[in-house]
Each structure stands twice: as structure tokens, then as C-alpha cells.
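Predicted model only: the values in this text are computed from it and were never measured. The analysis underlying the following values was restricted to heavy atoms, covering all of them including side chains, and did not include hydrogens, waters or symmetry mates.
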Number of protein chains: 2
Amino acid sequence: MARRSDHAPEELKRLALDAARAIAAEEGLRGITVRRVAERIGYAPGTIYNLFANLDDLIVHLNGMTLDALADALRAAADAPVETRAAQLVDAYFDFVERWPMLWSLLFEHRLPEGVDLPDWYRPKLAALIALVAEALAPLMPDLASDERRATTATMWAGLHGISTLAVSSKLALVVEAEPRRLGHLLVARMLGG
Amino acid sequence: MARRSDHAPEELKRLALDAARAIAAEEGLRGITVRRVAERIGYAPGTIYNLFANLDDLIVHLNGMTLDALADALRAAADAPVETRAAQLVDAYFDFVERWPMLWSLLFEHRLPEGVDLPDWYRPKLAALIALVAEALAPLMPDLASDERRATTATMWAGLHGISTLAVSSKLALVVEAEPRRLGHLLVARMLGG
DNA sequence: TATCAAATTGAACAACGTTCAATTAAAGCG
DNA sequence: CGCTTTAATTGAACGTTGTTCAATTTGATA
């Protein structure tokens, strides 16, 4: 059987990614297999390889979608009044992580095989995310050189990331009883000079 | 063939873990397979299951060793003079991550299947690590309630973790040109109130 | 209507984690 | 020393995985 063309190639890609996302959201990285994704969209395993180079490629694309979704989730908070903006960004970040813990985990849990690095289109997505936050927080760091502003933003971003990673893998609770969100607010408050 | 007893069971466990560590240090999580570990120590795959419940169990044990090694690496810095202690802890942390990037990654990259959680002996290892840092830094946070001290320590720890994770997976460099270590120092300085 | 091109398949392969009956060597005993 | 018991070790086997690719079938083209 061949050339069903039930769906245009781009449409089919979307279907596959949606299927993968559904699996990932429920079971995490371990649940994503080529055969299961294919089965969910009613195609044979081989078809996946017409759409993506391999399973890693599919997962990287899924992570790209998640990055976009995270950017969307942060955008509203980035426009909040300056006084509450930082806190709202932190809350928006943790809201996202708590709503999609598995998808968010996948963002960092998945690693390409040695020697393979992230595709070129991935970098701008990440950069856009950071730029969003950097611009939103710039007014809150008026006395810093742009170099230091970037470093501060990156540190906060990495810090939130660390808190969330440990929380999601339930390693934070082993060590402290505080809510991840509270640590996030603490971090940002101190970083912005409190 | 059976009952070779070339090695006592504990000795054999050590051999298997050393083999797994060597593989992990070179190739990361993806390189660790039961068959390869078994081959490296000159035993059949089935033997691994006499020593560990399964591959996940073996990896958790390997991670336990890494936690111990990290604690050792931090201990010297924890005894440094109070003035430079925080900075030395940060340096010791990044020294460790840079020396064993793959082993350090494995600590967080590996996740148990859903429903399985970390064994009981794992928690004290993590707790010991945090306690080490918390006690070392306590003199630097004299004006904080013990509750806030714990939160601050956990935040710094998670922050360093986040910076390192992103650095090791080369996602930090996509976003900022600064050295991870520099961000670490920035984080700790601000968290300790400067 | 015949031809072409592209999409889709599914069998095949190697490698994986895991299980377990069979085997063998060491230990215990008379 | 020989016999029995016990426990360590094996390796074949099973089901599943990612990936490849020749074969096939359909939609479009001429």
C-alpha cells in the first residue's frame, strides 16, 4: 500500500508531533517510541522516517514546540507592570512547569548522541525565549552594564531551570520542604538586588 | 559454567559499577547497557541480575557513588576560611562538573520509570551533601532564620545545578557567552546578599 | 490510458532488557 | 576421600526497540 495522501506532509508531521506530545505528557521520554507514535496516527513505523531523520530528530522537534509554548506562556507576564513583572514571570514559569511537567522535563532530559548537536533552527527559539525575559527585566537592572545584565538574566534563567528540574524529578523535596515556586521568587528577588 | 567465585559478590558489584562508570564517563547514559557492562568484567549478561535488580538499579548505584565523590570534592572547600569559603565551594563544584561532565549529567539525566522511586539509601547521600554545604555557609547567613537559611542554601544548590546542566548540555552557550563558573559566583554572591 | 514519481509499507536486522532452566563448581558432611 | 547440597553463572530465549530498504501502490502527468 502506498501514496494514501490522507494528509499533506506538513500536516502529517504535525500529527506525529501531536501524538508524540500526548505520549510524552503522560509517560515521559521512556514512553516515546517510533512504533507507538506511528500506531497513534495510523501509519506504519517506516513512515515516521519519511517525516523525521530519526527518533531523536522527532523529539528535538517536539522540544521546539514546547519552547514556543513556554515563550507564549511567558509573554503575558512580560508585559505586566514593572513592579510585579519579575514575580509574574516567575509564576508564569512555574505554572507552565506544573502544567506540563513531562514535556518540560523532556526539554532537558533528552540528549542527542555524542557528536550530534542541536539543529540550527533550535538556537533562535532558545534565544527568543531569553531575549523575551531579558528585555522584560532590563528596566529592573538600570545600574548594570549590558554585559552584567545578560549574565544576571542567564543566571536567573538557569536557576529557575535548576529548581524546576530538581522539583520535577522529586529530588528537591528530598532536601528541602519549601515549594519550588518560593525558591524561584527568592532567587529572582536576590538576583535583582534585594 | 558456574560458581567461578573469582570474586566475592561485593567485589563483583564494585567491578560492575567501575565498568559502568568507565562507559558512562566516555559515552554517557546511552552507552550503558547490561551486555557491555557484563562484557567489560568478563561475565555473562545474566550475572548482572545477580548483583542488581535491573539496569536502572545499577545506574542508581553508580549515581550514589558519584554523589559520594562530589561530597568528597566539596569537603575540602567547606573547611576553607569563612571569607573565601563560598567562592571555594563554587569552584570545587564546577571543578567536579568539568572533570566528570558525563557522570555528573547522569546524576540528573537518568530517571526511574514511572511509579518507581529512588531507594531509601539514596536520600541520606543527598541530604549529607546539602548538610555539608548548609553548615559551611551558615556563618555567612547569621541574620537569617534557620528556615530561610535552608531555603537560601537549597536555592543556591539548585541554581548551581541549573547552570551546570545547561552548560554540560551546551544549551547555556547558546544563550550567553559567559563562563558557567562566573554565573555560579554571581549567583552565590547575590544570594548571600551582596 | 500508459507512464512516472512519490508515498507507504512491512519484513528484516542488530541490539536491547530481562527471565530462567540448566549447568557447574565450591562447600559441607560422613 | 567421595557424596550431597548449595549457590553462582551461564546462555539461550522472548519480546521490544531503532532503523533500513526493496517492493508495492496510488495520485498525478502526459
Side-chain angles (χ1 to χ4, degrees), chain A residues 1-17 19-21 23-24 26-63 106 109-116 119, chain B residues 1-17 19-20 22-24 26-63 106 109-116 119:
Chain A
M1 200 178 318
R3 185 67 157 222
R4 295 167 29 178
S5 271
D6 296 351
H7 310 94
E10 279 311 311
E11 197 181 347
L12 198 48
K13 247 171 149 164
R14 240 267 129 48
L15 281 177
L17 285 172
R21 183 173 50 188
I23 298 173
E26 277 185 22
E27 310 173 33
L29 178 57
R30 284 173 118 108
I32 311 179
T33 74
V34 173
R35 286 176 168 83
R36 288 186 66 192
V37 171
E39 191 192 21
R40 277 216 183 206
I41 62 174
Y43 280 77
T47 300
I48 300 297
Y49 290 85
N50 285 35
L51 310 171
F52 302 94
N54 49 43
L55 184 59
D56 283 317
D57 184 39
L58 188 155
I59 294 175
V60 170
H61 275 84
L62 174 54
N63 278 340
L106 192 61
E109 196 179 335
H110 176 254
R111 296 196 48 191
L112 274 336
E114 205 166 21
V116 182
Chain B
M1 201 178 313
R3 186 64 159 222
R4 295 166 29 174
S5 270
D6 296 350
H7 311 93
E10 279 312 311
E11 198 181 346
L12 199 47
K13 248 173 148 161
R14 241 267 129 49
L15 282 178
L17 285 172
I23 297 172
E26 277 184 23
E27 310 173 33
L29 178 57
R30 284 173 117 108
I32 311 179
T33 75
V34 173
R35 287 177 164 84
R36 289 186 64 193
V37 170
E39 190 192 22
R40 277 216 183 206
I41 62 174
Y43 280 77
T47 300
I48 301 296
Y49 290 85
N50 284 36
L51 310 171
F52 303 95
N54 49 43
L55 183 59
D56 283 317
D57 184 38
L58 188 155
I59 293 174
V60 170
H61 275 84
L62 173 54
N63 278 340
L106 192 62
E109 196 178 335
H110 176 254
R111 298 195 47 189
L112 274 335
E114 205 166 22
V116 181

Indicate every side-chain donor-acceptor pair of residues 52-62 of chain A with a distance under 3.5 Å to a residue at least two apart or in another chain.
residue : atom : partner  : partner atom : Å
A:Asn54 : OD1  : A:Asp56  : N            : 3.2
A:Asn54 : OD1  : A:Asp57  : N            : 2.9
A:Asp56 : OD1  : A:His110 : NE2          : 2.8
A:Asp56 : OD1  : B:Arg30  : NH2          : 2.8
A:Asp56 : OD2  : B:Arg30  : NH2          : 2.7
A:Asp57 : OD1  : A:His61  : ND1          : 3.3
A:Asp57 : OD2  : A:Ala53  : N            : 3.0
A:His61 : ND1  : A:Asp57  : O            : 3.0

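A straight line from OH of A:Tyr43 to P of D:dT25 spans 17 Å, rounded to a whole angstrom. Straight-line distance from the CD1 atom of A:Ile41 to the C1' atom of C:dT9: 13 Å, rounded to whole Å. Whole-Å rounding puts the B:Glu39 CD to D:dT9 C1' distance at 17 Å. Across the protein-nucleic acid pair, A:Asn50 atom CG and C:dT9 atom P stand 9 Å apart, rounded to whole Å.
In this structure, B:Ile48 reaches neither bases nor backbone, as no heavy-atom distance under 4.0 Å exists between it and the strands shown. Contact annotation for A:Leu51: no contact, since no heavy-atom pair falls under 4.0 Å across all strands.
For B:Glu39, there are no side chain to side chain donor-acceptor pair (under 3.5 Å) partners at least two apart in sequence or on another chain.
Proximity of a side-chain donor or acceptor of A:Arg36 to a complementary backbone N or O of A:Gly31 within less than 3.5 Å is detected.
Around atom CZ of A:Arg111, more than 12 heavy atoms belonging to other residues, nucleotides or ligands sit under 6.0 Å away.
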Between protein and nucleic acid, restricted to nucleotides 16-19 of chain C and to nitrogen or oxygen atoms under 3.5 Å apart, what atom pairs and distances do you find?
residue : atom : partner : partner atom : Å
C:dG17  : OP1  : B:Val34 : N            : 3.4
C:dG17  : OP2  : B:Val34 : N            : 3.0
C:dG17  : N7   : B:Arg35 : NH1          : 2.4
C:dG17  : O6   : B:Arg35 : NH2          : 2.8
C:dT18  : OP2  : B:Tyr49 : OH           : 2.8
C:dT18  : OP2  : B:Leu55 : N            : 3.0
C:dT18  : O5'  : B:Tyr49 : OH           : 3.3

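A salt bridge is absent between A:Arg21 and A:Glu26; no separation between the charged side-chain nitrogens and carboxylate oxygens falls under 4.0 Å.
Listed nucleotides: D:dT10, C:dT8, C:dT9. Nearest to the side chain of B:Thr47: D:dT10.
Taking all atoms of both residues into account, the shortest heavy-atom contact from B:Ala24 to B:Leu106 is CB-CD2, 4.1 Å.
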